[in-house]
Structure formats: C-alpha cells, structure tokens
Amino acid sequence: MEYFDPAETWSRDALLHAQSVRLRATLDRALRSPFYSRRLKGMDPAEIAGAEDIAKLPFTTKDDVRAAYPWDMAAVPLEELVRLHVSSGTTGVPVAVYHTRDDVETWASLMARCMYMVGIRKNDVFQNIAGYGLFTGGLGIHYGAERLGCLTIPAGTGNTRRQLKLLRDMRVAAIHIIPSYALYLGAMLMDEGVDPRSLPVRIALIGAEPHTEEIRQRIEYLLGVKAYNSYGLSEMNGPGVAFECLAQNGLHVWEDAYIAEIVDPESGRPVAEGETGELVMTTLIRRGMPLLRYRTRDLTRFLPGACACGRRHRRIDRILGRVDDMFIIKGCNIYPLQIEHILMSFPEVGGTYLIILEQADNMDQIRIQVEIREEYFIEDMRALQGLQRKIAARIRDEILVTPKIDLVEPKSLPRAEGKARRVEDRRLILK
Ligand code: ADP
Ligand code: ZN
C-alpha cells in the first residue's frame with residue numbers, strides 16, 4: 001500500500017498526541033479573533049490539557065459564523081489572508097471563511113492525500129467538473145490535483161458536450177463531479193449511445209450533496225468508473241475533510257487536521273459509540289479562521305473496526321442528510337435519503353425525483369414526482385400503474401406514510417448543475 005503523507009498511517013496514539021498539541025495551539029490562535037475572545041472570556045486555556053478535554057469548550061454554530069460576518073472570526077491580520085470562500089448557502093444566509101497562505105497549502109495537501117488514496121497519480125489528467133468561484137469544490141479540488149502534480153482542467157459545470165470532448169481528447173483519467181450532475185452526464189451518454197467504457201475516465205470523486213449507495217452504483221455503471229465519496233464543508237475548508245479509501249466502506253476523517261465528534265443534535269451530548277448523530281468538527285491546523293466544535297448539522301456515525309487500508313483515522317458513514325432536511329409528516333420523522341434509497345432500488349426509475357410536501361383536505365401529504373427511464377416510459381398504462389403502486393407500498397413500509405407517486409417523463413424535472421434540490425415544501429404557501 002502506498003501513502004501520500006506519513007500522517008495517514010500514524011497510530012492512534014500518535015494521532016491523539018498530535019490532536020492534543022494542535023488543539024492547544026488552535027485555542028491560543030482562536031483567542032486572537034474578536035469572536036472567540038468574547039466567547040471564551042473567563043475561560044482558562046490551561047483547562048484544556050489535551051484533546052480529551054474538548055467537550056469543555058463551547059460549540060460554535062452556523063448562526064455564530066453568520067453573525068461574525070465579515071471579520072469577527074479572523075485570527076490573523078488582513079495582510080496575512082490570501083483567500084476567501086463563501087458556502088453555497090443551501091440552507092440560508094451564506095458564511096464567509098478566510099485562509100492564510102499556509103491554510104491554502106495544508107488544504108491542498110489534505111486534498112492531494114485523498115486523491116492519491118483512491119489511485120490518482122501525477123501522470124493522470126484530472127478534470128474538475130464543478131462550479132468554480134466561491135464554491136469550494138472548484139478551487140479546493142483544483143489546488144489538490146495540482147499539488148499532486150496532475151495536469152488539471154478547470155472545466156467547471158455545464159456545456160456537457162465540451163466536457164465530453166475534453167475527457168476524450170485529453171485522455172482524462174479522473175474527474176470530480178457532483179452526483180446529480182454525474183447522473184445527468186450518464187443519462188446523456190446513454191441517450192447518445194456512447195459506451196462509457198470507451199471513455200478514458202477510471203475514477204470519479206463525488207460529493208458535496210447527500211446521495212445513497214444506489215446512486216453511487218448508478219454513477220459507476222453509467223460513467224464506467226469507480227466513484228469515491230468526498231465529504232467536506234466550507235467552514236472546514238471544503239473538500240478534503242473526510243474521504244473514502246479504496247475499500248469504499250466509510251470515509252476516513254483526517255484526524256491529524258480535525259477533531260471529529262458526534263453528538264445528539266437536540267442535547268449536544270455525545271452519542272453512544274456507533275450511534276448516529278450530528279457531526280461536530282474542530283480545525284487543528286487552520287490559522288486564518290480556527291473553528292472550535294463547529295456544529296455541521298450533518299448526520300452520520302462512526303463506523304466500528306479498523307480499515308483494511310492501514311489508515312487509523314476513524315471512518316464516518318456516508319452522510320445520512322442534514323438535520324435541517326428532516327421533515328415531519330403525520331408525526332413521522334422522514335429524511336429524503338430514505339425515500340431515495342427505495343426509489344433507486346427500482347430499475348425503472350431514472351436519476352431525478354422531487355419530493356413535494358403539500359396539503360389535501362387539511363392533511364399533510366407527500367407527493368413524489370419520479371422520472372422513469374425512457375425504455376419503461378413507453379410501457380402500457382397497466383404496467384405503469386402497477387409500478388406506481390409498488391413504489392408507493394415500498395416507501396410506506398419504510399417511512400410509514402403512503403405517498404402519492406407521479407411517474408413523469410425522462411428529463412421533465414428541473415436539473416441543477418450545482419446541488420440538487422430534492423424537497424419542495426408547498427405547505428408553507430397554503431398556511
Ligand atoms: P452549504 O452548506 O451552503 O451547501 P457547502 O458548499 O460548504 O455549503 O457544503 C457543505 C455541505 O454539503 C455539508 O455540510 C453537507 O451537508 C453537504 N455535503 C458535502 N459533501 C457531502 C457528501 N459527500 N455527502 C453528503 N453531503 C455532503
Ligand atoms: Zn481505509
């Protein structure tokens with residue numbers, strides 16, 4: 001097994017030691033920011049002897065970071081900052097994150113480590129099919145690929161035909177792409193009768209939005225690649241926080257650069273080992289904007305056991321969704337991915353769906369618009385009605401509420417080149 005960075009194979013003891021030293025340094029740096037000098041007022045930094053004391057620190061929430069906009073989180077003077085990113089704003093007002101030159105470099109190294117881990121090497125050509133600009137999946141991945149030494153193409157999103165031409169002409173070996181756009185690209189290849197195995201691409205890094213194992217497998221099939229789950233968030237730099245290894249079984253969180261905790265989203269207390277909860281992250285290396293115990297709002301769990309790849313950095317399960325994605329219908333708590341999981345187990349179902357929450361006769365109900373693949377859409381009415389009933393029944397078994405299912409034509413639902421919007425709540429408009 002080859003590794004990009006010696007830190008990848010540190011023992012648990014070495015990781016814990018580094019975390020303790022780095023946490024104390026982070027605390028010192030954080031205290032130089034206006035935000036943390038207020039938040040930690042009265043606290044004696046000596047109380048934090050090491051990583052095991054992390055729970056003595058207060059949480060930092062997304063609202064804290066928003067309120068600190070624009071400069072209250074800066075732990076260094078402006079002249080040391082070289083980069084600013086702003087999160088996608090999927091759940092509301094965006095947040096700003098700033099980086100020093102060192103920060104940009106460590107981030108690139110972490111990212112390069114992820115790419116090397118899944119088999120990308122410097123003689124591979126890499127195409128970044130992600131939005132550039134403020135979205136960290138653009139420059140974040142780009143700098144990682146260059147750091148690794150790959151010839152890197154900043155393709156951005158859109159213009160699918162040009163993307164394909166570049167893939168072929170440049171003999172691109174690896175791409176980065178958001179899952180919903182990967183499905184779109186795959187569907188287009190199929191429509192045009194292009195055999196994905198005729199393309200040079202071997203590896204796809206997919207992330208930035210929740211997706212099920214079924215979606216990963218579809219992407220692998222449609223694009224003829226191995227697809228690896230890439231997790232990150234702007235507040236923790238962006239991509240390069242946790243990443244799947246070749247085992248494709250959970251994402252290693254880089255524990256030399258972050259401390260990860262999983263807490264009950266209601267109480268904030270740590271969950272029992274292996275239970276699902278909200279991921280809480282602390283930066284250990286970042287200088288421009290250290291963040292302590294940041295509540296990511298993302299739900300996951302630690303996976304038990306050691307990974308065969310030799311890395312001792314703990315693994316998290318694929319993100320189940322955001323705390324804020326959960327909706328309640330007829331008293332049941334439901335996550336969109338539970339629905340996706342069932343939909344994608346039907347071969348007739350295409351890549352796109354939309355969950356609509358609406359009201360009928362003063363009752364909340366779920367309507368799901370499901371795109372059907374071309375070859376099934378031409379089936380006779382009875383077959384389609386049978387499919388509709390089967391999907392509704394399987395979903396009811398999972399979420400305990402019977403949804404209305406609309407089977408719709410391929411390509412009739414809106415497509416996003418950025419993060420897909422899976423749930424539309426029309427109840428608010430009616431109230
Ligand atoms: P925003 O929160 O506005 O979308 P970001 O662009 O920083 O801003 O996106 C980070 C968020 O995207 C994460 O908190 C998480 O909810 C989601 N995300 C990123 N990568 C993944 C992934 N691999 N699987 C599931 N969700 C992901
Ligand atoms: Zn591994």
Side-chain angles (χ1 to χ4, degrees), residues 1-4 8-9 61-63 65-66 85-97 107 111 113-114 116-119 130-141 176-180 182 204-213 215-216 219 227-255 260 265 278-281 291 294-300 303-326 335-337 340 416 418-422:
M1 195 79 70
E2 294 173 77
Y3 305 95
F4 183 77
E8 284 172 69
T9 50
T61 64
K62 205 171 194 107
D63 283 338
V65 186
R66 282 177 183 148
H85 278 284
V86 172
S87 74
S88 312
T90 311
T91 57
V93 188
V95 303
V97 182
W107 179 14
M111 201 54 244
R113 180 197 288 191
C114 300
Y116 193 91
M117 175 164 76
V118 298
Y132 275 68
L134 294 171
F135 176 51
T136 53
L139 288 178
I141 298 270
H176 168 235
I177 187 165
I178 289 186
S180 40
L205 317 180
I206 56 169
E209 62 182 9
H211 56 284
T212 51
E213 178 59 31
I215 288 286
R216 182 236 295 278
I219 292 171
Y228 297 95
N229 196 342
S230 154
Y231 171 77
L233 62 163
S234 307
E235 294 86 335
M236 293 292 127
N237 294 347
V241 173
F243 216 88
E244 263 179 350
C245 65
L246 292 173
Q248 289 186 313
N249 181 17
L251 296 83
H252 290 282
V253 182
W254 298 126
E255 292 185 278
E278 180 183 348
L279 183 66
V280 172
M281 298 287 293
L291 275 180
Y294 180 70
R295 302 280 298 250
T296 65
R297 312 292 287 153
D298 290 326
L299 294 165
T300 184
L303 296 179
C307 187
C309 75
R311 295 174 184 85
R312 294 291 165 258
H313 301 250
R314 276 181 302 173
R315 287 166 304 153
I316 52 169
D317 202 355
R318 63 174 57 252
I319 303 290
L320 191 73
R322 302 184 192 231
V323 178
D324 316 275
D325 283 346
M326 191 195 76
Y335 285 97
L337 280 202
E340 177 176 305
K419 305 190 185 209
R421 204 160 142 251
R422 299 297 193 192

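Each ligand, and each atom within it, is numbered from 1 in the order the structure gives.
Residue Met236 does not touch ligand 1, judged by heavy-atom distances below 4.0 Å. Contacts between Ile319 and ligand 1, counted as non-hydrogen atom pairs separated by less than 4.0 Å, involve the side chain only. In Thr136, neither the side chain nor the backbone holds a heavy atom less than 4.0 Å from any atom of ligand 1. Under 4.0 angstrom from ligand 1, there are no non-hydrogen atoms of Pro239.
An N or O contact shorter than 3.5 Å links Arg322 to ligand 1 by distance. Between Ser234 and ligand 1, at least one N/O pair is under 3.5 Å apart. On a distance-only criterion, Ala208 and ligand 1 share at least one N/O pair closer than 3.5 Å.
Among all heavy-atom pairs drawn from Met111 and Ile141, the shortest one is CE-CD1, 3.6 Å.
Here Cys309 contributes SG and Cys307 contributes SG, and at the Zn ion (ligand 2) these two atoms make an angle of 110°, given to 10°.
A donor-acceptor pair is defined here as one N or O able to donate and one able to accept, closer than 3.5 Å; no such pair exists between the side chain of Arg314 and the backbone of Trp254.
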Determine, stepwise, if the pair Arg312 / Glu255 fulfils salt bridge (Lys or Arg N to Asp or Glu O under 4.0 Å).
CA-CA 9 Å; Arg312 294 291 165 258; Glu255 292 185 278; over 6 Å; no

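When the Zn ion (ligand 2) is compared with the N/O/S atoms of His252, atom NE2 turns out nearest.
Ligand 1 lies within reach of Lys419, whose nearest heavy atom is under 4.0 Å from it.
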